[in-house]
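To keep things clear, I will list the structure first and then write my remarks on it.
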Amino acid sequence: MSTAPNRRAVAVILLIPLMVTLALWAFAWPAARIAPRDLPVGVAGPASAAQQLEQRFEQRDGAFDVHRFDDEAAARAAIEDRTVYGAVVATPQGPHLLTASAASPVVSQLLREAVTASVPEDTEVRVTDVVAAPPGDPRGSALGASVLPLALAGMAAGAVVTLMGLRGARAAVTLVGASALGGLAATAVAHSWLGALTGDWWTVAGVLALTVLAIGSAVAGLAALFGPRGIGLGALLMVLLGNPFSGVTSAPELLPEPVGAIGQWLPPGAGGSLLRSVAFFDGSAAGAAVLTLALWTLFGLAAVLFARRAPTPAEPVEPAREPALTG
């Protein structure tokens with residue numbers, strides 16, 4: 001009796017619980033440890049009152065990164081530029097909380113609770129949503145749910161290009177074309193139909209297409225470098241880690257360290273942050289996300305174009321040529 005099938009069976013038995021454990025760690029652990037960690041917030045108003053507000057934030061050591069502003073106008077501008085998630089303005093009538101639910105509904109609710117708990121019970125906290133989430137997605141659920149489909153679309157594009165045996169320029173053109181059409185289709189659903197995204201339609205489509213392209217080209221590039229094993233490595237990076245580490249459903253600063261930072265270095269997290277910037281904040285704070293997606297795309301396409309790898313089962317193997325006879 002051959003031992004090879006038995007070894008494969010044992011490998012599957014051991015691999016499934018390992019995958020379940022890894023998936024639970026990647027998805028459940030960050031969600032169970034959500035809390036502010038150097039969350040950028042602002043305070044504004046007269047110096048003495050603003051200092052008291054700042055001290056209240058700093059009582060929670062390491063939770064908030066407090067920025068001081070001269071007045072409410074400066075605080076609003078910082079929120080619109082995505083420098084801070086919200087700000088508290090000291091006024092004669094009491095604290096005035098400025099939030100941006102479009103940046104993160106979870107952070108907006110957290111700030112409301114934190115400010116309300118820090119003032120006397122009979123003090124009313126006035127709240128203004130400076131950059132509100134769109135009526136079609138007031139809780140940000142649709143935006144948060146968009147990362148996984150984008151990751152799966154990129155995974156599918158990279159895997160199919162590899163398994164079909166496409167190489168070189170043909171593979172690169174296929175990835176670009178599939179990503180462009182995927183971005184248009186996703187924008188038609190999320191922007192035109194659901195109303196979950198605002199901003200310029202074509203800019204949003206470009207961001208979605210770039211996100212799919214970065215993921216797809218990275219997967220195809222890894223496969224070009226490491227063979228079919230590269231597809232598994234791409235799935236690990238883009239789906240198993242990239243999706244839960246993206247922070248799109250909450251905020252990167254609410255995830256355990258260094259999960260939030262790692263997520264922004266991966267295409268799903270960078271794509272989610274860039275999508276928020278162009279959809280709700282006129283492109284503010286988009287530079288780092290654009291650079292991240294561009295680097296992953298260039299890496300993947302360069303590997304697809306120039307890496308040499310063994311042919312997949314879908315590719316014909318060229319027969320060896322006999323040396324020519326001389327003399």
Side-chain angles (χ1 to χ4, degrees), residues 29-133 140 245-265 269 272-273 276-277 280-281 284-289:
W29 172 60
R33 297 292 184 269
I34 286 181
R37 296 170 176 86
D38 289 327
L39 184 73
V41 297
V43 296
S48 58
Q51 185 175 5
Q52 293 179 0
L53 293 173
E54 185 174 354
Q55 290 174 351
R56 292 173 186 173
F57 278 118
E58 291 177 346
Q59 288 177 356
R60 299 178 61 177
D61 188 28
F64 297 99
D65 178 19
V66 184
H67 298 244
R68 182 78 71 87
F69 302 105
D70 294 333
D71 50 27
E72 180 177 335
R76 284 176 175 267
I79 293 173
E80 294 169 350
D81 291 339
R82 301 201 71 186
T83 302
V84 296
Y85 281 92
V88 185
V89 183
T91 68
Q93 295 77 25
H96 180 196
L97 175 61
L98 307 176
T99 63
S101 58
S104 173
V106 176
V107 171
S108 295
Q109 183 62 32
L110 183 151
L111 291 177
R112 291 187 184 192
E113 295 173 355
V115 174
T116 302
S118 66
V119 299
E121 295 183 359
D122 57 346
T123 302
E124 181 180 359
V125 178
R126 186 160 59 98
V127 180
T128 300
D129 200 346
V130 177
V131 186
F245 288 11
S246 67
V248 176
T249 57
S250 54
E253 294 84 359
L254 297 184
L255 300 180
E257 297 178 350
V259 167
I262 293 174
Q264 297 307 299
W265 298 338
S273 296
R276 282 193 190 277
S277 292
F280 309 125
F281 295 90
S284 298

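The analysis underlying the following values was restricted to heavy atoms, covering all of them including side chains, and did not include hydrogens, waters or symmetry mates. These numbers were taken from a predicted model, which means no experiment stands behind them.
Of all heavy-atom pairs between D129 and A100, the closest is OD1-CA, 3.5 Å. The two residues A90 and P46 have their closest heavy-atom pair at O-CD, 3.8 Å. Residues T249 and V106 come closest through the heavy atom pair O-CG2, 3.5 Å. Pairing each heavy atom of A44 with each of D71, the nearest pair is CB-O, 3.6 Å. Considering every non-hydrogen atom in both A251 and V107, the closest pair reads CB-CG2, 3.8 Å. Closest of all the heavy-atom pairs between R276 and A102 is NH1-O, 2.7 Å.
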So Q93 and R126, side-chain contact (heavy atoms from CB on, under 4.5 Å) or not? Walk me through it.
CA-CA 9 Å; Q93 295 77 25; R126 186 160 59 98; 5.7 Å; no
Apply side-chain contact (heavy atoms from CB on, under 4.5 Å) to residues L97 and T128 and explain how you reach the verdict.
CA-CA 6 Å; L97 175 61; T128 300; over 6 Å; no
S284 and E80: side chain to side chain donor-acceptor pair (under 3.5 Å), yes or no, with the steps?
CA-CA 8 Å; S284 298; E80 294 169 350; over 6 Å; no
Apply side-chain contact (heavy atoms from CB on, under 4.5 Å) to the pair V41 and V88, showing each step before the final yes or no.
CA-CA 8 Å; V41 297; V88 185; over 6 Å; no
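With rounding to the nearest 0.5 Å, the separation of CG in L39 from CG in L254 is 6.0 Å. Atom CD in Q59 sits 8.0 Å away from atom CZ in R56 (nearest 0.5 Å). Note: L255 CG to Q264 CD = 9.0 Å, rounded to the nearest 0.5 Å. Rounding to the nearest 0.5 Å gives a distance of 6.5 Å between CH2 of W29 and CZ of F245. The distance from atom CD1 of I262 to atom OG of S246, rounded to the nearest 0.5 Å, is 13.0 Å.
Side-chain polar atoms of T99 and R112 form no donor-acceptor pair below 3.5 angstrom. Side-chain contact check for E113 and Q109: at least one donor-acceptor pair (N or O, by modelled atom type) lies under 3.5 Å.
Side-chain atoms of S104 come within 3.5 Å of backbone N or O of S250 as a donor-acceptor pair. At least one donor-acceptor pair closer than 3.5 Å links the side chain of S277 to the backbone N or O of S273.
Side-chain contact between R76 and L98 is present, with heavy atoms from C-beta onward closer than 4.5 Å.
Applying the ring pair (Phe, Tyr, Trp, His ring centres under 6.0 Å) rule to pairs touching residues 59-106 yields F57-F64, sequence neighbours excluded.
A salt bridge does not link E257 to R37: none of the charged nitrogens lies less than 4.0 Å from a carboxylate oxygen.
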